[in-house]
Amino acid sequence: MGVSDHFVSSLCCEVRILEAKNIELKSHGNLFVRYYLPAGNNKRIQLNTKQISTKSSQMIIWNESFSLECSASEASVKYLKQQTVVFELRRKKKLGKSGVLGRAEIPWKAVFESPNMEIDEYWLAMVSMNDEVLETGLKPPSIRLSMKLVQGPTMVEMEKQNKRKQRLKKHWEGCGCEGSDGGCNCAAEYEIFALAAAMEGLL
């Protein structure tokens, strides 16, 4: 890591899968969403939500989230703006396989350009991929999701926070005081000062 990298803040990419609608299957099955996040070097991270049986539930609700932290350097941001998140609605098959029912994608650039860098509870219509499983002539299957980018502290700020916590911990551990029960009273005070140090680093 170069010296300049210490002054580059981190960027947290958050994706939340909420629910699905317009899912009319010709027969019941287990549904889940698979989505792919860019990880650099032309690689992607594949993630799956839990499976929900359409036989046991009329509501297809996941309410699951995942976050990925990366560098907020100029090169990383430029790369991320050129990437998309691909979402696939899938149905579990036998022998551990699954089939794609619908597919859609959202570019990270759209998230960057959104207010507060957040797309909140957006209904994403998918392109139907399997008419043998889905009823035809209906609205396309859709999933409701949220995407957000959160800028974090720089490496220098994080290192300063860790050093403050270590100094405070050493101070309170070596205080030598005794409470009414024969133990040290300073643990609670240490937590307050540690929190104050962390907040100071974010100002």
Side-chain angles (χ1 to χ4, degrees), residues 1-21 32-50 60-90 98 100-129 140-167 194-203:
M1 179 182 294
V3 175
S4 60
D5 293 335
H6 278 70
F7 298 94
V8 175
S9 61
S10 59
L11 194 65
C12 184
C13 310
E14 299 180 5
V15 178
R16 185 180 178 193
I17 309 295
L18 298 165
E19 59 181 320
K21 68 177 182 180
F32 66 97
V33 174
R34 174 174 292 172
Y35 52 110
Y36 305 87
L37 298 178
N41 297 323
N42 295 321
K43 295 181 180 180
R44 298 189 301 177
I45 297 176
Q46 174 184 300
L47 300 160
N48 297 328
T49 65
K50 64 184 177 183
I60 310 299
I61 299 175
W62 291 283
N63 196 21
E64 296 182 14
S65 61
F66 178 82
S67 61
L68 178 67
E69 191 168 339
C70 63
S71 167
S73 67
E74 183 178 351
S76 297
V77 170
K78 182 179 179 180
Y79 168 80
L80 194 59
K81 285 183 176 180
Q82 297 172 346
Q83 304 304 310
T84 61
V85 181
V86 179
F87 298 91
E88 294 177 343
L89 179 65
R90 287 177 167 263
S98 63
V100 181
L101 304 183
R103 179 182 288 121
E105 59 184 52
I106 294 181
W108 275 114
K109 185 177 180 181
V111 185
F112 274 102
E113 296 176 349
S114 299
N116 300 320
M117 294 195 296
E118 180 177 13
I119 296 177
D120 189 32
E121 299 190 5
Y122 172 74
W123 280 105
L124 178 65
M126 304 185 123
V127 177
S128 297
M129 306 293 292
S142 302
I143 59 173
R144 189 161 65 104
L145 55 85
S146 296
M147 295 175 64
K148 181 167 60 173
L149 292 165
V150 180
Q151 189 166 349
T154 66
M155 290 294 294
V156 168
E157 291 169 342
M158 293 171 65
E159 289 173 2
K160 285 181 178 178
Q161 290 176 29
N162 290 332
K163 288 179 180 178
R164 286 192 190 99
K165 290 179 182 179
Q166 290 298 322
R167 288 199 301 268
L195 178 60
M199 292 301 293
E200 179 186 344
L202 295 176
L203 296 177

**Item:** Point-to-point distance, once rounded to the nearest 0.5 Å, from OH of Tyr35 to CZ of Arg44
**Value:** 14.0 Å

**Message:** What's the separation between atom CD in Glu64 and atom CG in Leu18, rounded to the nearest 0.5 Å?
**Reply:** 10.5 Å

**Prompt:** Atom CD1 in Ile60, atom NZ in Lys21: separation rounded to 0.5 Å?
**Reply:** 14.0 Å

**Residue pair Val85, Val111: steps toward the side chain to side chain contact (heavy atoms under 4.5 Å, CB included) verdict** = CA-CA 11 Å; Val85 181; Val111 185; over 6 Å; no

**Message:** Distance check, rounded to the nearest 0.5 Å: Leu89 atom CG versus Leu101 atom CG?
**Reply:** 5.0 Å

**Message:** Quick check: do Leu80 and Leu149 have side-chain heavy atoms less than 4.5 Å from each other?
**Reply:** yes

**Message:** Given 3.5 Å as the limit, does a donor-acceptor pair link the side chain of Trp62 with the main chain of Lys50, or not?
**Reply:** yes

**Message:** For Glu88 and Tyr36, which I'm curious about, is there any donor-acceptor pair between the side chains at under 3.5 Å?
**Reply:** yes

**Asked** With sequence neighbours left out, what residues match Glu113 under side chain to side chain contact (heavy atoms under 4.5 Å, CB included)?
**Response** Lys109

**Item:** Separation between CD1 of Ile17 and CZ of Phe32, rounded to the nearest 0.5 Å
**Value:** 12.5 Å

**Request:** Please list all pairs passing the salt bridge (Lys or Arg N to Asp or Glu O under 4.0 Å) test where one or both residues lie in residues 115-124, with sequence neighbours left out.
**Result:** Glu121-Arg144

**Asked** side chain to side chain contact (heavy atoms under 4.5 Å, CB included) between Val100 and Arg90: does it pass, once the steps are laid out?
**Response** CA-CA 5 Å; Val100 181; Arg90 287 177 167 263; 3.4 Å; yes

**Item:** Test item: Leu124 and Glu105 side chains (from C-beta on) under 4.5 Å apart, heavy atoms
**Value:** no

**Asked** Do you know the tightest heavy-atom contact between Pro38 and Tyr79?
**Response** CB-OH, 4.1 Å

**Prompt:** Does Thr49 use its side chain to pair, donor to acceptor, with the backbone of Val33 at less than 3.5 Å?
**Reply:** yes

**Message:** Does any part of the side chain of Arg34, heavy atoms only, come nearer than 4.5 Å to the side chain of Ser98, both counted from C-beta?
**Reply:** yes

**Message:** Nearest 0.5 Å, please: how far is CD1 in Ile119 from CH2 in Trp108?
**Reply:** 8.5 Å

**Message:** So, using side-chain hydrogen bond (donor to acceptor under 3.5 Å, both in side chains) as the criterion, who are the partners of Ser142 when residues are at least two apart?
**Reply:** none

